[in-house]
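Each ligand, and each atom within it, is numbered from 1 in the order the structure gives. Residue indices begin at 1 and follow the sequence shown.
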Amino acid sequence: MTTTISPTGRLSAVHATARPVAMLASVVGEQRHARLMSAARDFRARFAGHTIWTVSSTASGGGVAEMLHALVGYVRDLDLDIRWLVISGDPEFYTVTKHLHHLLHGFPGRLTLGPDSVAHYEDVLAANAQDLLGRVHPGDIVLLHDPQTAGLAPWLTHAGVHVVWRSHIGTDLQNAATWEGWDFLRPYLQHADAYVFSRRAFVPAWLPAERTRIITPSIDPFAPKNQELAPATVRALLAGAGLIDAPVTGPPVYARPDGSTGLIARRATVVAESLPGPDEPLVVQVSRWDPLKDMAGVMRAFAEHVVPYVPGRLVLAGPALVSDDPEGALIRAACVQQWRELPRPVRERIVLASLPVDDVTENAVLVNALQRHAAVVTQKSLAEGFGLTVAEAMWKGRPVVASAVGGIPDQITDGTGVLVPDPSDLAAFGTALCGLLSDPVTREALGMAAHERVRAAFVGDLHLLRYAELLTALRSAVPGG
Ligand code: UDP
């Protein structure tokens with residue numbers, strides 16, 4: 001393979017703080033903890049002298065980065081050599097990969113991926129591959145995440161590395177858009193040794209079934225995003241960030257992963273007529289400003305089908321925008337415009353918030369506080385690989401109303417939340433919200449069941465165990481491995 005080295009293409013190493021696996025025992029029980037420790041011992045013996053590399057497109061923002069901080073942190077504590085690298089690319093590269101992301105979710109978008117897009121995608125990844133090849137050794141394992149990194153696969157297999165491609169996205173129903181996306185990626189993916197998806201229905205038919213595993217994502221109960229916060233702390237944090245109007249009775253502090261105390265230092269940017277009081281019931285959706293998260297649809301459903309019937313406010317919260325997300329800026333601006341066009345009494349009931357992103361931990365703690373403070377959490381996505389925000393809210397004992405798309409129905413089962421079958425059915429969505437807003441007993445029952453569901457199925461020990469099984473099988477399949 002030849003390449004023009006582009007100016008981009010340097011990998012950056014991400015430091016994930018080691019997280020004590022022993023802590024997980026208090027959540028998942030001794031038996032599950034012991035199973036993980038035993039798998040780790042076996043893994044260490046088999047892979048002695050080799051490194052696990054995990055390669056993604058970003059160290060912050062979105063579910064993949066959220067999970068990698070936790071999983072890499074735990075693996076480090078298990079005394080395995082794991083390194084996390086982030087690729088670099090230019091805006092054109094990320095426009096192509098964002099488009100691929102939409103295609104694999106079944107949405108055609110506005111771009112056409114012609115030969116220029118292919119060439120640029122390959123150039124950027126070839127440059128990243130040069131850097132990566134200087135670091136890896138034969139027999140190492142490289143986990144590549146999502147379409148952004150798929151083009152690294154051919155380079156790595158030629159270097160004698162085990163390559164696993166992990167897709168965090170997909171849709172149950174394949175269509176012209178998904179075919180176009182898979183056609184783009186297939187030449188690279190066929191070089192990988194194994195494939196991981198969040199759901200069986202996401203797997204394209206041409207991938208060899210015997211080399212494909214289903215591994216569901218997970219949350220980390222001890223991450224800043226999910227750590228326990230007392231109600232008084234939640235109020236202090238939200239008031240400190242300018243998200244609710246409450247007297248600040250204590251310092252807005254939280255625990256940082258290194259054990260130090262963090263203080264909310266930045267305020268959210270809020271579009272609202274006024275801030276909610278501390279006791280007003282909130283419906284909250286936390287998402288990236290992405291068309292597939294359908295913040296606009298949540299706003300319409302709330303304005304038309306909730307505001308006339310029950311009290312409470314809607315908070316739509318996303319990250320304050322960073323310059324490399326032009327689509328996010330457009331989506332947020334459209335939401336602000338939609339909000340402005342609402343009659344004032346309706347606007348009074350809806351808050352758009354952009355959470356500061358300069359400090360990843362501070363951002364995570366604010367999401368945590370918002371989710372904990374919510375009476376109901378929503379995730380009205382049009383497509384969703386898994387939807388970590390759902391598991392996050394369920395872990396916090398919140399009742400969730402979500403569309404039954406992608407990985408969401410894997411999380412919300414009977415009695416652990418409310419699924420709306422058709423994401424475009426705003427009336428059904430609003431009715432579900434009204435029902436819960438006026439029924440605290442059901443909210444409590446759903447929340448308790450939701451918490452147990454996450455403990456049983458979506459805590460990181462299971463995620464790591466399944467990876468250990470996959471990688472061990474991969475090693476055994478190699479002659480002399
Ligand atoms: N998130 C965040 N800050 C924000 C918006 C989202 O930390 O302002 C987090 C959210 O809590 C979750 C992740 O980003 O951990 C989103 O993951 P999900 O699987 O829901 O969707 P993705 O963004 O990966 O499509």
Side-chain angles (χ1 to χ4, degrees), residues 56-71 97-98 100-102 104-105 107 145-148 166-171 198-199 202 216-221 223-227 238 241 243 266 268-270 284-295 298 315-322 325 327-328 331-332 335 351-372 374 377-396 398 400 402-403 405-408 410-412 454 458 460 463:
S56 70
S57 65
T58 177
S60 64
V64 179
E66 176 72 24
M67 267 187 293
L68 286 180
H69 276 286
L71 296 177
T97 59
K98 184 104 189 246
L100 282 169
H101 176 274
H102 291 342
L104 295 187
H105 274 314
F107 287 78
H145 295 269
D146 280 339
Q148 296 93 324
R166 202 312 177 203
S167 174
H168 295 271
I169 55 185
T171 176
S198 299
R199 282 205 110 192
F202 292 173
T216 38
S218 61
I219 61 143
D220 176 20
K225 179 70 53 73
N226 301 309
Q227 68 182 223
L238 295 179
L243 287 161
R266 299 169 188 85
T269 307
V270 167
V284 172
Q285 177 161 310
V286 179
S287 297
R288 289 180 295 108
W289 301 101
D290 182 295
L292 300 183
K293 304 293 183 183
D294 200 21
M295 296 283 226
V298 183
V315 176
L316 295 174
L321 291 160
V322 279
D325 186 12
E327 189 185 34
I331 296 297
R332 185 177 173 282
C335 281
V351 175
L352 305 182
S354 295
L355 308 178
V357 291
D358 314 67
D359 178 330
V360 183
T361 307
E362 181 186 62
N363 178 273
V365 166
L366 286 176
V367 171
N368 185 344
L370 266 176
Q371 289 170 331
R372 284 185 191 278
V377 167
T378 69
Q379 193 58 56
K380 206 192 93 51
S381 303
L382 305 178
E384 194 63 78
F386 180 71
L388 268 189
T389 48
V390 173
E392 288 165 1
M394 290 171 76
W395 176 251
K396 293 165 185 116
R398 299 295 91 197
V400 180
S403 37
V405 297
I408 294 178
D410 295 335
Q411 301 181 64
I412 300 181
V454 174
F458 304 115
H463 200 158

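There is a side-chain donor-acceptor pair under 3.5 Å between Arg166 and Ser198.
When atom types are taken as modelled, the side chain of Ser403 and the backbone of Ser381 share a donor-acceptor pair closer than 3.5 angstrom. Under the 3.5 Å distance criterion, the side-chain polar atoms of Asp146 are matched with a main-chain donor or acceptor of His168. Panel note: side chain Trp289, backbone Pro319; a donor-acceptor pair is recorded below 3.5 Å.
In terms of protein heavy atoms, atom 16 (C) of ligand 1 is closest to Gly63 N, 3.5 Å. Distance from atom 15 (O) of ligand 1 to its nearest protein heavy atom, with residue and atom name: Glu392 OE2, 2.5 Å. When only non-hydrogen protein atoms are considered, atom 5 (C) of ligand 1 lies nearest to Val286 CG1, 3.6 Å. Looking from atom 22 (P) of ligand 1 to the surrounding protein, the closest heavy atom is Lys293 NZ, 3.5 Å. At the top of the distance list for atom 19 (O) of ligand 1, counting protein heavy atoms only, stands Leu388 N, 2.9 Å. What sits closest to atom 3 (N) of ligand 1 on the protein, heavy atoms only, is Asn363 OD1, 2.9 Å. Regarding atom 8 (O) of ligand 1, its nearest protein heavy-atom neighbour is Pro319 N, 3.1 Å.
Considering backbone and side-chain N/O atoms, Val64 never comes within less than 3.5 Å of an N/O atom of ligand 1. Residue Lys225 has at least one nitrogen or oxygen atom sitting less than 3.5 Å from a nitrogen or oxygen atom of ligand 1, judged on distance alone.
Taking the side chain as every heavy atom from C-beta outward, Gln379 and Ser287 approach each other to under 4.5 Å. Using a 4.5 Å heavy-atom cutoff, the side chains of Glu384 and Gln411 are not in contact.
Distance check, rounded to the nearest 0.5 Å: CZ of Arg372 to CH2 of Trp395 gives 9.5 Å. Atoms OG1 and CZ, from Thr269 and Arg332 in turn, are 6.5 Å apart once rounded to the nearest 0.5 Å.
Contact atoms of ligand 1 toward Glu66: 15 (O) (distance under 4.0 Å to a heavy atom of the residue). Near Arg288, with a cut-off below 4.0 Å to any heavy atom, the atoms of ligand 1 are 22 (P), 23 (O), 25 (O). Atom numbering of ligand 1 starts at 1 in the shown order; those under 4.0 Å from a heavy atom of Gly318 are 8 (O). The contact set between ligand 1 and Val367, taken as ligand atoms under 4.0 Å from a residue heavy atom, comprises 2 (C), 3 (N), 7 (O), 11 (O). Under a 4.0 Å criterion applied to the non-hydrogen atoms of Gly387, ligand 1 contributes the atoms 19 (O), 20 (O).
Put simply, the residue from His69, Gln371, Glu66 that forms a side-chain hydrogen bond (donor to acceptor under 3.5 Å, both in side chains) with Lys225 is Glu66.
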